[in-house]
Amino acid sequence: MKKTLKIFLKLLGVLLMLFTGTFLIYIFNLDMKLTAAVEPWLLKHYDRIDRDRHL
């Protein structure tokens with residue numbers, strides 16, 4: 001019984017930390033800030049790709 005309670009509390013702690021992390025990412029809009037920081041590198045990469053424009 002004690003062992004399952006420890007496992008349950010650890011699992012609950014991990015889930016609480018994951019929820020808190022995703023909540024902070026949502027509140028501070030960190031996903032879009034990261035996207036804005038990476039966008040110039042992505043544009044540079046995709047502008048170099050040769051395109052096949054034949055119809």
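Numbers for residues simply follow the sequence, beginning at 1. All heavy atoms count here, side chains included; hydrogens, waters and symmetry mates do not. Quantities reported herein were computed from a predicted structural model and do not represent experimental measurements.
The hydrophobic clustering, which links ILVMFWY residues whose side-chain heavy atoms are closer than 4.5 Å, places L42 and I49 together. L12 and V14 fall into different hydrophobic clusters, where Ile, Leu, Val, Met, Phe, Trp and Tyr are joined by side-chain heavy atoms under 4.5 Å apart, directly or via other members.
For the atom pair CD1 (I27) and OG1 (T22), the distance works out to 10.5 Å, reported to the nearest 0.5 Å. To the nearest 0.5 Å, atoms CZ (F23) and CZ (F28) are separated by 9.0 Å. The distance from the OG1 atom of T20 to the CG atom of L15 is 10.5 Å, given to the nearest 0.5 Å. We find the NZ-CG distance between K33 and D31 to be 10.0 Å, quoted to the nearest 0.5 Å.
The side chain to side chain contact (heavy atoms under 4.5 Å, CB included) test with L9 is passed by exactly one of L5, I7, L11: L5.
Counted within 6.0 Å of CZ on R53, heavy atoms from surrounding residues, nucleotides or ligands total 12 or fewer; the atom is thus considered open.
Heavy atoms only, all atoms of each residue included: L30 and L24 are closest at CD1-O, 4.3 Å.
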